[in-house]
Amino acid sequence: MFGFLIVLGIVVDDAIVVGENIHEYRQQGMNILKAAITGAKDISKPVIFSILTNILAFIPLLFMPGTTGKFWWPLPVVVIVILTVSLFEALLILPAHLGHLSRNSISSAGKKLKSWQQSFAVKFNDFINKRYKPFLELCLHHRYITLSIALALLIVVGGYGLSDHMGMIMMPEVSADEIEAGVRLPVNTTPDQAAKFANKITESTHRMFEEHNLWDVAEGIKTNVRGQNFIDVEIVMKPPDERDMTAQEVIELWRDEIGDIEGVDQISFEAERGPGGARADISVDLSHTDIEILEKASRTFLERVKSFESTRDVSDNYNRGKPQFDFRLLREGHNLELSPTEVGRQIRDAFYGSLAMRYLRGTNEIEVRVKLPLEERKDLFHLEDFIIRNRDGVEAPFMDVVSQEQGEAFTSINRRDGRRVVTVSMDVEPKSAMNRVMKSINEDMLPQLRADFPGITWSFEGRQAEMRESTAVLWGGFTLVLIAMYTLLAVAFGSYTQPLIVMSAIPFGIIGAVIGHILLGYDLSLISMMGVIALSGVVVNDSLIMIDYANKKRSKFSAFESIHEAGIRRFRPIILTTLTTFGGLTPIILETSRQAYYLIPMAISLGFGILFATSIILVLVPCFYMILEDISSISFLRKFRQ
């Protein structure tokens with residue numbers, strides 16, 4: 001459905017161009033059927049190539065990797081299918097309808113509507129002749145100044161978009177239904193201790209609700225104790241249209257209310273983040289061959305990252321776990337022909353139980369295990385009285401045949417590409433500071449960490465890894481699309497230089513995309529970049545129509561007169577296609593449902609991009625046309641002099 005809404009405004013562009021061209025022949029006195037045939041045939045080549053460039057622009061979205069790709073692939077499929085069908089509609093069905101318009105008498109309401117249409121058309125033509133025509137002449141006469149102003153604007157707006165003032169995030173923030181505080185406790189925590197921590201955090205949360213009257217924005221609190229070392233407290237939020245606080249504002253209040261709790265390893269706060277689930281903004285995997293050095297390095301890096309003003313919920317996944325006893329078989333044990341496997345099996349059977357028998361009780365299978373009494377299993381002191389037997393039945397005290405060392409058991413061991421890793425993760429607030437934090441980590445902290453701990457290596461994983469992979473695929477696909485567009489346009493124009501004029505409008509669409517995000521208060525995201533890439537095909541359409549018209553006039557007029565006439569003649573269809581495209585995207589841009597939040601940045605890039613690019617096409621493309629003509633004239637003069 002979202003794919004249909006996005007293409008709704010785009011799909012009528014070529015129908016407008018074909019209909020306008022047929023109308024032009026009707027104005028010249030042709031009969032209605034001949035005008036439909038001639039008009040559709042005359043404009044068919046640029047229409048076909050404009051549809052193809054639109055389809056090309058959406059193809060990179062089909063190959064997005066990871067969770068993002070799974071979430072987005074239906075959209076370009078829908079768009080490509082609809083655009084393909086629209087090609088037949090614009091060149092075959094629409095001319096057939098226009099060529100057989102009814103000649104019956106028009107009703108009074110129809111006459112009134114036609115009168116309004118003609119009145120608007122007269123005023124629109126007056127605007128073209130009295131406003132746009134002299135302005136275009138001025139820009140063409142001062143084309144290099146016009147180009148310089150446009151380039152300066154592109155540099156300023158593009159630089160602002162890439163700066164820390166806006167930043168770049170993976171996915172747009174979405175109003176969360178639930179907010180979660182995850183509390184990780186030490187591994188040795190008993191169930192009673194975990195329950196006390198859970199009660200303490202729940203009481204703090206209830207106190208926050210009363211102090212800040214959060215019952216108006218949230219429905220309730222859920223507390224879960226997962227195992228013995230993790231507590232999950234959730235706040236269930238009301239729908240976005242029923243509350244005046246964002247999830248992030250509630251998280252900030254919650255973080256201040258809970259504060260630092262003694263005896264807790266880590267506390268992290270998270271909300272829904274869209275496709276892919278709730279993941280940290282930045283995740284860094286540290287690796288080293290020496291686990292002791294890796295532990296020290298991860299702790300050092302964690303403390304340094306915490307010093308950033310913009311970082312939140314900095315944590316790592318390093319946890320040594322419970323204490324364990326390591327036993328080594330002594331010479332006396334070897335003399336009794338004991339093996340480490342046999343000793344380990346007897347210890348395991350004593351504490352976990354040896355399977356003695358299985359029997360059925362109704363439909364259930366019952367296991368009977370033999371092990372030490374509960375009191376002896378509670379206290380390791382009883383190991384000194386434990387008796388080991390060899391295969392011959394010879395008995396010996398356990399502590400006489402093994403040596404004992406106390407160590408620690410890891411609750412989990414994390415590896416990547418065969419190397420032991422510790423992951424340090426963090427969130428960033430505000431999101432616009434993401435680039436600044438990443439730059440500081442890359443250029444300052446990680447090199448200093450390597451200097452302090454030689455041999456340490458790192459990689460960015462999680463959201464950053466997916467962002468890096470998706471961006472690489474997106475821009476790689478965009479590069480191939482630009483090459484394919486250039487090839488198609490070169491075939492259409494029979495020229496290697498004129499496609500550059502048409503494609504020159506693509507970068508200037510970025511200006512509108514950035515301005516749209518600023519006006520509506522959205523951060524630039526990967527979805528915004530997807531919209532910019534899709535915008536490239538839409539922007540090319542109007543430039544293609546204008547240059548094609550100018551080329552047809554070159555046999556009778558000079559370059560200046562041809563492009564000037566093309567600007568005037570194509571002003572109306574270009575404006576109409578722009579308004580229909582923007583109008584089709586407006587419902588998505590103004591949508592407030594949670595499902596639309598993921599699509600709004602793409603709609604902003606497309607809508608505001610084409611809105612701004614139109615002014616570029618109507619002014620800058622004719623200037624580029626004349627600049628190319630100037631370059632060709634200089635080259636010709638040089639050859640003539642030689």
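Note that the structure is a prediction, hence the values are computed from the model and not measured.
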Starting from the C-alpha separation in whole Å, work towards a yes-or-no answer on side-chain contact (heavy atoms from CB on, under 4.5 Å) for Leu480 and Leu56. CA-CA 9 Å; Leu480 294 177; Leu56 281 174; over 6 Å; no

Are the side chains of Trp254 and Ile179 in touch, meaning some heavy atoms are under 4.5 Å apart? yes

Just verifying a value: how many Å separate Thr580 OG1 and Leu585 CG, rounded to the nearest 0.5 Å? 9.5 Å

Any donor-acceptor N/O pair, Ser536 side chain to Ile533 backbone, under 3.5 Å: yes

Near Phe351 CZ, under 6.0 Å, is it more than 12 heavy atoms from other residues, nucleotides or ligands? yes

Within a strict 4.5 Å, meaning less than it, do heavy atoms of the Glu295 and Val422 side chains meet? no

Before you tell me yes or no, could you show the steps for Arg450 and Ile456 under side-chain contact (heavy atoms from CB on, under 4.5 Å), namely the whole-Å CA-CA distance, both residues' side-chain angles and the distance that decides it to 0.1 Å? CA-CA 6 Å; Arg450 174 172 285 171; Ile456 196 78; 3.9 Å; yes

Should Met602 and Leu61 be marked as a side-chain contact (heavy atoms from CB on, under 4.5 Å) after you check the CA-CA gap, both sets of side-chain angles, and the distance that decides it? CA-CA 12 Å; Met602 176 183 281; Leu61 276 59; 3.7 Å; yes

Which atom of Met426 lies closest to which atom of Val305, heavy atoms considered: SD-CG1, 3.1 Å

Could you list the residues that satisfy salt bridge (charged side-chain N to carboxylate O under 4.0 Å, His left out) with Lys196, not counting sequence neighbours? none

Close side-chain approach of Leu153 and Phe508, heavy atoms under 4.5 Å: no

For atom CD of Glu367, decide whether the heavy atoms of other residues, nucleotides or ligands shown that lie under 6.0 angstrom number more than 12. yes

Given Leu449, Thr300, Val421, Leu302, the one that forms side-chain contact (heavy atoms from CB on, under 4.5 Å) with Leu286: Leu449

Shortest non-hydrogen contact from Lys371 to Tyr352? CD-O, 3.6 Å

If you apply the rule side-chain contact (heavy atoms from CB on, under 4.5 Å), what do you find for Ile201 with Thr223, and how did you get there? CA-CA 9 Å; Ile201 297 170; Thr223 302; over 6 Å; no

Minimum side-chain heavy-atom gap Thr205-Ile235 below 4.5 Å: yes

Under a 4.0 Å threshold between the charged nitrogen and the carboxylate oxygen, would Lys200 count as salt-bridged to Glu203? no

Under 3.5 Å, is there a donor-acceptor pair between the Ser307 and Arg304 side chains? no

Please round to the nearest 0.5 Å and tell me the distance separating atom OG1 of Thr578 and atom CD1 of Ile610. 5.0 Å

Strictly distance-based, threshold 3.5 Å: is any side-chain N or O of Lys306 a donor or acceptor partner for the main-chain N or O of Thr311? no

Say you draw a straight line from CD1 of Ile347 to CG of Leu372; how long is it, rounded to the nearest 0.5 Å? 8.5 Å

Phe582 and Phe608 aromatic ring geometry - parallel, tilted or perpendicular at 30°/60° bounds: perpendicular

Answer whether the closest heavy-atom distance between the side chains of Ile506 and Leu482 falls below 4.5 Å. yes

For the CD1 atom of Ile588 and the CD1 atom of Ile600, what is their distance to the nearest 0.5 Å? 8.5 Å

Phe453 versus His288: any side-chain heavy-atom pair under 4.5 Å? no

With no hydrogens and no angle check, is any side-chain donor or acceptor of His212 less than 3.5 Å from a backbone partner on Leu214? no

Could you state the interatomic distance from CD (Gln448) to CD1 (Ile441), rounded to the nearest 0.5 Å? 14.5 Å

Quick check on Arg207: does its CZ atom have over 12 non-hydrogen neighbours (other residues, nucleotides or ligands) under 6.0 Å away? yes

Rounded to the nearest 0.5 Å, what separates atom CE in Met530 from atom OG in Ser605? 10.5 Å

Is the shortest heavy-atom distance from the side chain of Phe308 to the side chain of Met445 under 4.5 Å? yes

Might you point out which heavy atoms bring Val284 and Leu446 nearest each other, and give the distance in Å? CG1-CD2, 4.5 Å

Give the minimum heavy-atom separation between Ser528 and His517, together with the two atoms involved. OG-NE2, 2.7 Å

Minimal heavy-atom distance between Pro60 and Phe478, with the atoms involved, is CG-N, 4.1 Å

Grab the two heavy atoms, one from Arg369 and one from Gly353, that are nearest each other, plus how far apart they are. NH1-O, 3.0 Å

